[in-house]
Amino acid sequence: MPRETNAAKRERAIEVCRRLNERYGPVECFLDHANPFRLVISVLLSAQTTDAQVNKVTPELFRRWPTPEAMASATPAEVAEVIKSLGFYKTKAKHAVECAQMIVADYGGKVPADMKELVKLPGVGRKTANIVLNVGFGIVEGIAVDTHVNRIAHRLGLSPKTHAKEPLKTEQDLLKILPKEYWNDVNHQWIMLGREICDARKPRCGECPLADICPSAKMG
DNA sequence: ATCCCGAGGG
DNA sequence: CCCTCTGGAT
């Protein structure tokens, strides 16, 4: 079996994006993104949980501490009490307060619109930073590779199996394959596919719009 | 039981 | 490289 050319991968990846665009329509953020500060905190809280769970706590959270200045003077214990229905709530509360403090101390109370600066914030990695850049600032600098995107890229044969646990390498593979105008689609729509259909354990290939062009679906 | 729309730390 | 943090969904 000859190795697939990059051109073939690109063609397939673009077709993937085209079909997912048809299925999901324009991308949308379901978290509180009224301003970049709220977005950073909301995305930070969303790790390992759902937007719906996050949206249950953010109204009270931002009612009590609406700005970086306000949250900077909260204690992690106070914040933890408000967000305790979420997983990892103690760590997230600590990160939220430290984020607010750093935004005030180092960035004049404004969330930096820059990947290198964003990832300096406690609890903010590339995945979170990518979403903040995309949704909060309209900047497309990379692809937010989470476990879903990672898995889908692997199943579609767009990133080697050896990169399965290295999101940075998966991101680099996708950046090389896909033209930039599709990066934002990956950030949002591939994640939805991963949640609804391309499940880690039991993928529902029978309902998948990509089944006929997916090597993994063909092999079962 | 087992996994997750991550990230920090050892 | 590995572990930890955590509630909720399945």
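Below, chain A is the first sequence line, B the second, and so on; all start at residue 1. These numbers come from a predicted model, not from an experiment.
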Query raised in the report: Where each residue is assigned the nucleotide of DNA chain B containing its nearest heavy atom, which of A:Lys94 and A:Asp51 is assigned the position nearer the 5′ end?
Result: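 Result of the comparison: A:Asp51.
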Query raised in the report: So which one's nearest nucleotide on DNA chain B is more toward 5', A:Gly123 or A:Thr49?
Result: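 This one resolves to A:Thr49.
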Any side-chain donor paired with an acceptor under 3.5 Å for [X] and [Y]?
{"X": "A:Tyr24", "Y": "A:Glu196", "answer": "yes"}
{"X": "A:Lys169", "Y": "A:Gln172", "answer": "no"}
{"X": "A:Thr170", "Y": "A:Asn150", "answer": "yes"}
{"X": "A:His148", "Y": "A:Arg151", "answer": "yes"}

Over all strands shown, is [X] touching base, sugar-phosphate only, or nothing at heavy-atom distances under 4.0 angstrom?
{"X": "A:Leu121", "value": "sugar-phosphate"}
{"X": "A:Lys92", "value": "nothing"}
{"X": "A:Val149", "value": "nothing"}
{"X": "A:Thr128", "value": "sugar-phosphate"}

**Report entry** Of residues 190-211 of chain A, the positions that come close to DNA chain B - non-hydrogen atoms, cut-off under 4.0 Å
**Finding:**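 Output list: A:Ile191, A:Arg195, A:Ala200, A:Arg201.
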**Report entry** DNA chain B contacts among residues 167-183 of chain A, heavy-atom distance under 4.0 Å
**Finding:**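 When residues 167-183 of chain A is checked for heavy atoms under 4.0 Å from DNA chain B, there are no hits whatsoever.
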Could you tell me how far [M] sits from [N] if I compare only their [atom1] atoms? Round to whole Å.
{"N": "B:dC5", "M": "C:dC1", "atom1": "C1'", "value": "25 Å"}
{"N": "C:dT6", "M": "B:dG10", "atom1": "P", "value": "16 Å"}
{"N": "B:dA7", "M": "C:dA9", "atom1": "P", "value": "22 Å"}
{"N": "C:dT4", "M": "B:dC3", "atom1": "C1'", "value": "16 Å"}
{"N": "C:dT10", "M": "B:dG6", "atom1": "P", "value": "16 Å"}

Requested in this report: Step by step, work out the side-chain contact (heavy atoms from CB on, under 4.5 Å) result for A:Trp190 and A:Ile143.
Outcome: CA-CA 11 Å; A:Trp190 291 32; A:Ile143 295 175; over 6 Å; no
Query raised in the report: Can you pull the salt bridge (charged side-chain N to carboxylate O under 4.0 Å, His left out) pairs that have at least one residue in residues 179-189 of chain A, sequence neighbours excluded?
Result: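 Every candidate salt bridge (charged side-chain N to carboxylate O under 4.0 Å, His left out) pair involving residues 179-189 of chain A fails, so no pair, neighbours aside, qualifies.
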Query raised in the report: Could A:Arg19 and A:Asp212 be called an ion pair, given the rule that one side-chain N must be under 4.0 Å from one carboxylate O?
Result: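 Yes, A:Arg19 and A:Asp212 are salt-bridged.
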Report task. Flag the pair A:Glu15 and A:Arg12 as a salt bridge only when some basic side-chain nitrogen lies within less than 4.0 angstrom of an acidic carboxylate oxygen. Result ->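 Looking at A:Glu15 and A:Arg12, the cut-off is not met.
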Requested in this report: For the pair A:Asn21 and A:Gln189, evaluate side chain to side chain donor-acceptor pair (under 3.5 Å) and give the outcome as yes or no after the intermediate values.
Outcome: CA-CA 7 Å; A:Asn21 256 311; A:Gln189 296 167 346; 3.0 Å; yes
Report task. Flag the pair A:Asn55 / A:Ser42 as yes when at least one side-chain heavy-atom distance between them is below 4.5 Å, and no otherwise. Result ->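 No - every pair of side-chain heavy atoms lies 4.5 Å or more apart.
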Query - Within 6.0 Å of CD in A:Glu11, more than 12 heavy atoms from elsewhere - result: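 Result for CD/A:Glu11: open.
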**Report entry** Residues in salt bridge (Lys or Arg N to Asp or Glu O under 4.0 Å) contact with A:Glu78, at least two apart in sequence or another chain
**Finding:**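 Testing A:Glu78 for salt bridge (Lys or Arg N to Asp or Glu O under 4.0 Å), a comparison that skips the adjacent residues, returns none.
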Report task. Have a look at A:Pro68 and tell me which of A:Val104, A:Val40, A:Ile41 forms a side chain to side chain contact (heavy atoms under 4.5 Å, CB included) with it. Result ->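 Filter result, single survivor: A:Val104.
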Pull out every protein N or O sitting under 3.5 Å from an N or O of nucleotides 1-5 of chain C, one pair per line with the distance.
none

Query raised in the report: Reading DNA chain B 5' to 3', which nucleotide is the first, and which the last, to come under 4.0 Å of any heavy atom in chain A?
Result: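 The protein-touched segment is B:dT2 to B:dG8.
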Query raised in the report: Do the side chains of A:Val145 and A:Val43 join up, straight or via other hydrophobic residues, at under 4.5 Å, putting them in one cluster?
Result: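 A:Val145 does not cluster with A:Val43.
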